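Worksheet for the structure shown next.
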Amino acid sequence: MIIDAHTHIGDMGKDDRVVTVADLLESMDDAHIDMSLILANDIIVPNDWHGVTADDVLTQRAENERIKVIGNISISRDIKAQLMQLQSHIETGAIVGIKMYPGYENFDSTDKRLMPVYEFCQKLHVPVILHTGFLLQGSSGIQEQAHPNSIGKIATLFPEITIVMAHFGNPWTIEAAKIIAQHQNVYADLSGFFTEYDEHISLDEKADFQQKMKEFVHITGNLKKCLFGTDWPLYSQKEYLAAMQELPMNDEERELVFSKNAIKVFGLEKE
Ligand SMILES: [Zn+2]
């Protein structure tokens with residue numbers, strides 16, 4: 001079973017093309033991916049951003065079991081109201097995690113305004129995904145706010161919450177690996193590494209990815225806390241999956257990275 005733990009819909013396709021759940025399902029069929037998580041991104045940023053809400057995703061998903069939904073919290077809106085809105089969906093299992101976008105929005109993961117979100121996640125046993133690393137080209141955000149070291153602080157304050165670092169902290173992959181090695185509750189998705197919207201992943205970029213992963217595994221000791229993810233539609237799922245499959249992994253790691261970790265972190269039913 002293969003699970004892509006990081007995808008989006010909306011106007012994130014090449015040249016702002018709006019992509020839908022139907023497009024994603026088509027891509028999944030082509031790449032032989034069984035399940036994808038769609039991350040809502042309804043955040044407030046200075047440029048003309050049209051984010052997608054978890055409700056938008058839930059409507060489009062139409063209860064298709066191959067699609068799972070991650071809600072999001074925007075620091076720029078009433079946090080309590082957003083949590084209340086997410087709660088019922090979390091309780092029914094329609095939403096399986098919460099994403100936040102430090103750096104893109106003007107905050108750091110340790111921002112005091114977010115403490116109610118972490119307390120909520122702890123109480124409801126909901127995993128939280130935090131953006132780490134590079135911001136998209138042209139973004140107006142502050143990259144430094146998305147440093148993996150902030151995740152270490154949250155992991156210490158809330159050891160019962162499962163935290164996923166999106167993009168394994170890239171370019172700070174060594175720092176990300178150190179946090180993952182230290183904290184049992186921190187995982188990483190391996191999405192968003194390559195040049196966005198390139199038709200093919202180049203051999204140079206694949207070599208760079210393999211080198212970064214080699215350093216990463218040298219610190220963490222294994223791939224036991226890594227999740228396969230792409231950040232589709234910024235990349236082809238099929239090409240990303242092929243690049244991932246070239247990483248040296250034993251059978252146990254392969255199973256963990258491509259499905260078991262995501263099943264465990266997000267409480268997904270094994271189909
Ligand atoms: Zn993403």
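Counting starts at 1 for both ligands and their atoms, in listed order. From a predicted model like this one, the values you see are computed outputs, not experimental measurements.
- With respect to Arg113 and Asp111, a salt bridge is recorded, a charged nitrogen being found less than 4.0 Å from a carboxylate O.
- At a threshold of 4.0 Å, the pair Lys224-Glu253 does not count as salt-bridged, since none of the basic side-chain nitrogens sits closer than that to a carboxylate oxygen.
- Checked options Asp29, Asp4, Asp34; the residue passing with Arg66 is Asp29 (criterion: salt bridge (Lys or Arg N to Asp or Glu O under 4.0 Å)).
- Nearest N/O/S atom of Asp231 with respect to the Zn ion (ligand 1) is recorded as OD1.
- Residue His8: an N/O/S atom is found under 2.8 Å from the Zn ion (ligand 1).
- The ring of Trp232 has its center no closer than 6.0 angstrom to the ring center of His8.
- Note on His167: not counted as a metal contact of the Zn ion (ligand 1), no N/O/S atom lying under 2.8 Å.
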